[in-house]
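The block underneath contains the structure these notes are about, expressed in structure tokens.
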Amino acid sequence: MLDTLQAPTTTSSMLRVEGLKAYYQMNYFGVRREVRAVDDVSLTINRNEIYGIAGESSSGKSSLIKTIAGAITPPLRVVEGSVKFDFAGRELDVYADPQAMKAARWQNLSYIMQGSMNVLNPVRRVKHAFHDFAFKHMGLSPSAFRARVEKHLQRIGLDPHVLESFPHQLSGGMRQRLTIALATVCEPDFIIADEPTTALDVLVQQDVLALIKDIQQRMGASIIFVTHDMTVHAAIADRIGIVYAGRLVEEGPTLDVFRRPQHPYTAHLISSLPRIGDNKKRSALPGKPPNLADPPSGCRFHPRCPLAVDKCTNENPPLEARLTGRVACWRAGEVQTA
Amino acid sequence: QDFIAGIPREEALIIQGPAAQNAEWFNLWAPGGGASNNGLQQLTADTFWFINPDGTGDAAWTNALASDKPIYNEDFTEMTVKLKEGIYWSDGVEFTADDVVYTVQTQMANPGMGWSAPFTVNVESVEATDRNTVVFTLNAPNSRFHTLFTVRWNAAWIMPKHVFEQVEDPLTYNNNPPVSLSAYQLHSYDSAGNWVIWKLRDDWERTSIGMTLSEAPEVKYVVYRNAGNPDARVIEQMNHNLDVINDIAPEGMFTIARDAGENTKYWFPGFPFAHPDPTLPSVLFNHQREPFADKDVRWALALLIDIRSVSMGSYRGAANLAALSTPPTGTAITDYYVPMQDWLANFELDTGDGAIKPYDPTISEQIAALVKPQWGDSIPSDTEELKRMFGFGWWKQDPAAATALLQKAGFSKNGNQWLKPDGTPFTIKLMVEGDNIPTLARAGTIIAQQWSMEGIQTTVDVAGPTNGQRLGGGDFDVAIYWTVETWGGHPDLSFFLESYHSDFIKQPGETQPPRNLTRWEDERLDAIIEANRTVNFDSPEVAQLGMDYLKLAVEEMPFIPLMAYNKFAPFDTTYWTGYPSAADPYSASGPFWSNLRYMIVALKAAQ
Amino acid sequence: MFKILRDMLRYNIEFAIGFVLTLSIFLFALAHFWAPLPDTAIYLLPPDMPPSAQYWFGTTSRGQDVLWQMSSAIWNTMLFGLTVTVLSRLLAVAVGMLSGYLGGRWDQALMTLNDTMIALPNIPILLLVYFVMRDSMSWPVLAATAALLGWNYDARLIRSVTLSLRNREFTRHAVFAGMSVPQILVRQHLPYVMPVIFFTAMNNLIWAIGLEVTLSVLGFSDINRPTIGGMIYWANQHQAIIAGIWWWIAFPIIAVVLLFLGLFLLAISVNEYIDPRSRLSRMGA
Amino acid sequence: MDGFAKYLGRRLFQFFLVIFLGVSLAFLITNLSPVDPVEQSVALMTNFGATDPRSVELMRQALQELYGLQGSMLDQYLAFWGRVIRGDFGPSLSAFPTPVMSLIMSALPWTIGLLTLSLVITWTLGNLLGALAGYYRSNLLLKLSGAAVMALHPVPAYIIGLCLLLAFGFIWPILPISGGAQMNLQPGLTLDYLRSLIVHGTLPALTLVLVGLGSWFISMRSLVSNIVTDDHVVYAELGGVSSNKIFSQYVARNALLPQLTGLALSLGNVFGGAVITEFLFNYPGVGRLMIQGIYRGDYALVLGVTTISIIAVAVAVFIIDLIYPLIDPRVRLS
Amino acid sequence: MSALLELRNVNKDYRIGGFFDSSTLHAVKNVSFTLDDSKPEIFTIVGESGSGKTTTARMILGNETPTSGSLRFMGQSITAIRSRAGKLKFMSKAQPIFQNPFEAFNPLSTIDYFLFSTARRFLGLRDKAAIDAATDKALHHVGLSLAEVRGRYSHELSGGQLQRIAVARALIPEPKLIVADEPVSMVDASLRMSIVNLFRDLRDRLGVSIIYITHDLSTAYYISDRVIIMYKGDVVESGVAQEVLGNPQHAYSKALSQAVLPPDPEAARKIIMAKIA
Ligand SMILES: Nc1ncnc2c1ncn2[C@@H]1O[C@H](COP(=O)(O)OP(=O)(O)OP(=O)(O)O)[C@@H](O)[C@H]1O
Ligand SMILES: Nc1ncnc2c1ncn2[C@@H]1O[C@H](COP(=O)(O)OP(=O)(O)OP(=O)(O)O)[C@@H](O)[C@H]1O
Ligand SMILES: [Mg+2]
Ligand SMILES: [Mg+2]
């Protein structure tokens with residue numbers, strides 16, 4: 001298959017996440033809560049690869065990606081596991097070496113948070129943000145730097161005069177593009193993005209996706225991004241990871257995941273996507289989303305799974321390698337493709 | 001650096017002054033025309049005569065602009081004044097009888113000027129018969145007309161004709177800078193009102209006070225300085241930045257005595273330190289309000305007071321107690337207090353339950369015993385000396401007699417609560433001014449407590465700035481204030497007594513003229529006042545009539561006299577010596593008294 | 001309720017300290033009901049005694065035990081301060097929430113009123129009111145007057161909170177659920193305004209007590225009633241600081257500072273407890 | 001421009017309404033005051049002297065006329081507005097016939113000098129400390145200074161002032177404790193005079209600073225601790241922006257804007273003066289003037305000060321409302 | 001045939017801008033359409049963001065007054081409703097559903113308060129049991145029961161459940177019209193289906209008309225009867241959903257439908273790659 005052949009070799013892995021557990025640990029006046037938002041996730045991302053993460057609302061996607069970006073603040077804490085980058089042979093352990101991590105930010109690694117429309121300082125003009133974030137990494141004179149930024153903005157269809165604006169003077173779409181520009185202007189090796197296109201309407205969304213893809217191709221960067229819009233994954237991701245209740249339940253090349261989902265949850269997800277020209281009734285997933293503070297035993301999907309058997313209730317399926325990807329399901333073989 | 005820019009400290013006497021509001025104003029004759037306590041009238045104004053409130057006999061009387069005492073005609077309808085010669089205004093113009101005539105006529109023509117009203121009431125005409133003689137023709141006989149020109153604290157000051165003649169409206173003229181008729185003249189002032197500096201006139205000999213001096217006054221500059229609140233005043237004196245303080249709390253005084261003992265002088269060499277002013281703080285009853293019209297009630301309340309606690313609480317024992325209704329100062333001691341001791345000791349009060357003799361002549365010894373633990377040997381043991389320090393005597397606290405008196409007045413007791421004849425509880429609101437006269441506020445709280453403990457619930461009501469108005473308007477039950485002020489240096493009581501005549505008593509709600517704030521009305525009193533009008537100021541009958549009044553006041557107890565108004569006025573001796581004292585009372589000691597000028601010219605530099 | 005208290009005591013050291021401080025001062029103030037002498041009694045004890053075993057905090061120059069005076073004074077002052085605070089909170093909440101929620105003409109009218117009150121200088125107005133009322137000026141009247149002057153800044157603050165709530169979806173939803181304006185304000189918005197109320201209450205209390213002291217120092221107070229201001233007033237009348245009777249002023253001030261420290265700690269920890277943000281994360285949203 | 005004009009019109013209307021309401025209220029209260037200036041003057045003139053009761057009546061009548069206190073309340077009210085519009089508050093009753101305006105004008109420079117200086121210091125220091133304490137939450141030094149400020153906060157102004165007075169006037173007497181400048185020194189732009197102004201202003205200013213620090217500190221700290229969790233700050237931290245820069249440009253700057261409103265309102269309050277402080281240090285400003293006015297029943301003066309204060313605050317609010325959209329880009333007019 | 005809702009030439013202008021530069025923004029221009037009383041339908045409004053969809057919805061709900069034009073609901077002008085009683089009456093027939101299910105309920109108050117309040121106010125019920133019964137009935141329409149909801153906070157329920165409860169609440173007064181402004185934009189694909197399926201169900205079982213606002217053309221196609229496409233305040237195309245979306249005519253509608261990415265990697269990738277080139 002085309003996609004399978006394209007999958008890069010594992011030797012040039014850029015990000016390695018191993019056994020990562022990140023929990024929200026809260027203790028308010030004696031009320032203790034532990035939300036296991038990221039529960040034992042391992043994944044690897046290769047050089048020059050776009051990796052998409054999908055999953056239900058509140059399944060822990062943002063938490064996972066925040067943990068990878070080293071952007072966690074209490075109450076979210078890393079309980080176990082490691083996140084390691086490899087920038088051109090330079091190993092960087094996100095949680096072991098905060099100093100090096102700080103140095104790598106924007107230089108090697110940039111991050112676009114969820115709700116990125118609000119990350120610009122409301123009382124300063126946009127140009128200052130570029131200056132603060134990027135100037136020191138570029139080693140350019142101020143005027144050269146400015147020229148570079150303007151050129152970069154033009155590439156994503158923004159007029160340079162937006163630099164002189166205050167954030168509130170710009171539309172949501174423009175701000176979202178600005179943050180993408182901000183995250184890419186230094187041409188980092190690795191970009192982490194959380195729902196970068198959610199606030200955009202379909203027309204703008206298309207532009208932005210094209211932009212991300214373009215940047216990635218030209219800079220040869222790796223990207224990991226989250227969205228629950230499956231069509232976005234379809235459009236740009238090389239590989240997809242599906243998260244359910246804090247766990248990675250399936251992972252594989254995009255085409256395979258769409259065409260031959262291995263996990264019942266993935267299968268349901270894909271089959272519930274409506275498309276124009278087809279209004280055949282689509283069913284919703286029964287039951288309610290799991291509570292991450294008190295997740296179901298065994299396979300976390302079992303209460304809602306049409307294929308669940310006793311084993312699913314009791315034993316947690318490991319994420320096992322399959323033909324083209326990995327899947328965590330006792331009954332993976334029996335999943336019907338939509 | 002100098003404490004005062006450009007003026008050597010050792011040439012200046014620094015006196016506590018007020019915060020002047022209209023600092024640019026020096027027109028003494030306009031209402032609100034310049035602060036009255038900043039040296040303007042004390043140092044630059046002059047008039048015919050002065051009485052030293054602490055002096056006795058002839059020593060108390062000074063002819064200032066007048067060369068002699070006033071000369072009345074037979075029926076007191078005409079007064080002639082002879083003026084001294086060789087007196088000049090500070091701008092070199094000579095002072096003459098024309099200035100006097102101008103003063104009287106201008107004020108009569110301009111209602112609203114300070115002495116306009118009394119002149120209008122009294123004077124039919126005034127003329128200068130020659131350069132040095134002025135004759136006043138009066139509307140009606142008045143044997144005390146000269147007192148209008150006799151300074152105790154102040155009096156009708158003479159205006160500079162040559163200045164005011166040029167002025168369109170004497171009421172709105174700021175008289176800045178003022179020409180001076182006395183030994184000092186304006187040097188500079190603070191437009192913010194915190195200080196005024198007066199300078200000795202080069203021609204100081206050409207003034208009524210200068211003429212009497214054999215050598216030049218040593219005080220070249222007199223600085224009236226507002227040094228802030230009482231704490232700041234004490235600190236400033238201890239820092240030698242304030243030579244004369246006027247009025248601080250007893251505790252402030254004691255602090256100075258303790259911490260700056262060597263550098264200070266006071267009226268008495270030690271405890272009780274204070275200068276007794278010829279004013280008489282008393283418990284005032286509003287006679288127009290029930291049940292205070294009843295003499296038995298008033299007497300009962302007097303007998304419920306333990307004066308020793310009042311003395312200790314208000315003045316820390318440093319009070320000069322008064323049982324008679326005139327302040328125990330100046331000539332009153334020899335004229336009234338000493339001669340009346342026997343009468344007081346034998347005075348009998350009918351309580352309705354038998355007669356008692358309420359007077360306690362040993363009170364000063366009792367107080368001495370109370371303060372001895374703190375002041376030790378500085379308290380003399382001589383009883384005569386003690387009487388002059390702490391007063392001659394007062395009424396014994398006698399709850400039993402008070403009970404009898406109240407029952408006689410129809411009151412009854414329910415538990416520990418007195419009920420009025422109509423059956424309602426007898427409660428009292430005791431009004432005090434508060435901050436301005438802290439010692440009286442303190443006395444008020446103690447008396448309130450004593451009455452409350454005896455079953456008459458009393459609360460203290462602080463009137464603050466409305467005090468004067470409420471007293472005048474009769475808007476009080478009981479208050480602590482003074483309704484008696486005297487010359488101090490003269491037995492004549494007309495100073496206050498004249499206004500006690502029943503002719504002047506107002507209906508409730510209307511404003512009573514000053515002095516008779518209790519609105520005490522008594523035919524016997526009227527008779528005394530009328531008799532006094534017909535006798536000459538210096539006649540021996542004056543003291544006789546005074547005694548009649550005092551006896552009447554004891555019997556009637558229209559208000560309860562407490563003590564002289566003692567003022568703590570310590571002097572700093574770092575730069576100046578020769579201050580007046582009880583032993584040498586050549587002048588009053590308060591910086592606001594106009595005869596302070598006699599002290600200033602008498603001071604000697606310390607070095 | 002009791003469980004919340006227990007949890008807060010156990011799990012929040014700030015609350016615990018604040019609680020202990022406030023409670024002990026409260027108990028101390030409460031104790032004045034059992035004082036050996038009435039709090040208005042004077043000259044029944046030897047004056048000017050420094051702190052000793054017999055008189056822990058010394059005696060005043062008026063022959064009162066500083067300890068018992070303080071006890072009454074704190075009680076009375078807090079009563080005054082709390083009255084002002086509660087009344088002015090009610091006003092601030094009512095005006096702020098109504099004006100923020102109703103908007104339009106109501107908002108303009110209420111904010112004009114608010115600006116007018118802001119522009120009125122407090123001290124002169126209070127003093128003038130004091131003169132006008134004179135005899136009938138009791139502490140509740142004074143408290144009411146102060147409350148009338150003390151709500152305006154906070155109303156603005158509350159208004160801005162309500163303003164932002166007004167555009168939240170749940171507010172529009174509430175309208176379509178048929179809730180009346182009071183229901184929306186009290187049931188839906190008040191929980192968000194609570195932290196502001198708590199926070200401003202602290203400042204308002206300090207302001208009210210400062211006002212009481214200012215008026216007393218200037219001589220406008222009921223001298224029969226022991227208060228913190230009243231103690232300072234009388235100490236002043238006796239030049240206590242100059243005379244070295246420091247205990248007359250120092251102890252009450254220390255007590256006030258401790259009380260406020262306690263209240264402040266309570267306020268921040270209670271705020272943390274009721275703050276929607278922490279409350280939401282506690283609930284797990 | 002149209003929108004702006006409309007906004008300005010509405011705002012201007014409100015501005016005048018505020019002044020009208022405030023001043024009317026002040027007039028009403030002042031006129032209910034039982035202190036009668038005529039009686040105060042009569043008392044002043046008859047105090048201590050031997051006065052004939054008959055003449056007191058005359059005096060009273062004359063003064064009533066002189067002070068213009070005849071006529072109904074409404075007449076006086078209308079006359080008052082007539083004068084206010086001309087910027088004249090009539091003659092002071094206690095310092096008759098000096099115009100109230102000139103009394104205020106001579107007190108005003110003192111108060112403005114003292115209060116603006118101390119306000120600027122307080123505002124800057126309070127906000128700086130508050131912002132630092134809110135941002136560097138675990139810094140021990142900041143915690144300690146925060147605790148000190150908090151402990152100072154509830155202490156009444158009078159006590160703070162008195163302690164300073166005692167410390168620097170008595171125990172270690174290095175500073176003047178009373179008045180605005182050295183005696184007998186000509187006001188002017190001389191070095192001596194300026195020096196004198198500064199040493200005399202030190203204690204009152206220090207009192208005001210210590211008194212005022214707390215509330216700025218507290219409000220700034222809470223503003224900052226809210227802002228540090230805002231997305232833009234979190235993001236700047238993730239972006240490796242230096243923490244100095246984050247503190248100054250991302251945190252303090254955003255938090256300062258609302259504090260500017262507070263500053264403007266307090267500047268307006270200059271006219272009310274710092275009553276207690278001026279009273280304590282005998283500082284010749286508006287606060288002391290007003291207290292004297294109240295004590296002496298000079299309601300022309302009290303009303304004058306109150307009116308100017310109302311106008312000043314209203315102007316400050318008005319100006320800040322107008323320029324706020326310019327200084328805070330987030331605010332737009334609706 | 002009587003009209004349930006009739007919009008005729010509705011316009012809405014906003015004055016926008018800052019201090020010195022202000023201009024007029026025509027948010028909605030000349031919008032007209034009619035919903036039939038006798039034929040319940042799902043009427044969809046699609047369009048890019050800022051095209052005036054929300055503004056239109058707000059005008060229908062009476063939250064915004066049109067600059068010109070008329071809006072009539074069951075024969076009565078919506079803008080003429082002033083009194084509280086009139087508003088309550090209107091609200092009992094027309095109810096909204098909001099975008100974000102977590103925001104639609106106050107996180108600090110229990111959800112049932114909204115339900116009970118609706119029942120009490122619009123059905124005029126006083127009796128506790130009657131209120132419970134009415135609420136429970138409405139919840140059953142969306143596949144829930146009062147027992148599951150009582151005393152809970154919004155965070156204790158899933159987004160899908162919340163959105164269902166929101167619908168149930170809207171159903172309590174037995175409205176004729178539900179206006180749903182982007183009710184599914186915040187939820188994942190699966191939840192999306194459960195809600196739009198519910199809409200269909202309501203139309204068919206309870207005869208409620210639904211105005212469904214979205215920019216997700218796929219779901220629009222999936223459930224709508226009729227659709228209008230808005231662009232910068234104008235209605236650029238309208239008609240039967242399948243026709244309009246399946247075969248758009250207007251240039252903008254075309255662009256829009258082309259921009260919809262298909263949920264198929266090969267096709268989607270092609271569109272993006274074409275864009276890059
Ligand atoms: N600050 C927090 N405190 C406590 N719990 C949190 C916090 N933030 C998120 N959670 C919980 O962690 C879980 C995972 O949240 P996360 O934001 O990672 O989900 P997500 O998959 O990104 O969802 P969405 O699609 O809505 O963005 C959720 O159950 C959420 O309630
Ligand atoms: N209160 C308002 N004041 C000024 N402009 C407004 C206001 N409300 C909406 N607008 C403007 O009107 C236009 C239409 O807005 P509307 O919210 O109706 O669009 P929408 O189609 O719902 O967009 P979205 O898909 O983003 O929700 C937008 O340009 C918006 O900025
Ligand atoms: Mg997320
Ligand atoms: Mg919208």
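By convention in this document, chain letters (A, B, ...) are assigned in the order of the sequence lines, proteins followed by strands, and residues within each chain are numbered from 1.
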Original post:
Which residues pass the ring pair (Phe, Tyr, Trp, His ring centres under 6.0 Å) test with W139(C), sequence neighbours left out?
Top reply: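 W139(C) satisfies ring pair (Phe, Tyr, Trp, His ring centres under 6.0 Å) with no other residue.
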**OP:** Keeping to residues at least two apart or across chains, list the salt bridge (charged side-chain N to carboxylate O under 4.0 Å, His left out) pairs with something in residues 228-241 of chain B.
**Re:**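 Listed by first then second residue: R225(B)-E236(B).
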Given a strict heavy-atom distance threshold of 4.5 Å, which part of [X] is in contact with chain B: side chain, backbone, both, or neither?
{"X": "A240(C)", "answer": "neither"}
{"X": "L44(C)", "answer": "side chain"}
{"X": "L218(C)", "answer": "backbone"}
{"X": "P47(C)", "answer": "side chain"}

Original post:
Are W451(B) and F426(B) close enough that their ring centers fall under 6.0 Å?
Top reply: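 No, they do not, as the ring centres are separated by 6.0 Å or more.
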Original post:
So, for F33(C) and W75(C), is the gap between ring centers shorter than 6.0 Å?
Top reply: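 Ring centres of W75(C) and F33(C) closer than 6.0 Å.
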**OP:** May I ask you to list the residues in residues 303-310 of chain B that approach chain C closer than 4.5 angstrom, counting heavy atoms only, ordered by number?
**Re:**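 The residues closer than 4.5 Å to chain C amount to none at all.
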Subject >> Minimum side-chain heavy-atom gap T200(C)-R89(C) below 4.5 Å >> reply: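 In contact.
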**OP:** Could you tell me which residues satisfy side chain to side chain donor-acceptor pair (under 3.5 Å) with Q69(C), sequence neighbours excluded, listed by chain and number?
**Re:**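 Scan of Q69(C) (side chain to side chain donor-acceptor pair (under 3.5 Å), adjacent residues dropped) gives none.
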Original post:
With respect to chain B, which residue among T40(C), I245(C), D48(C) yields the maximal number of heavy-atom pairs within a distance under 4.5 Å?
Top reply: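 Winner by heavy-atom pair count: D48(C).
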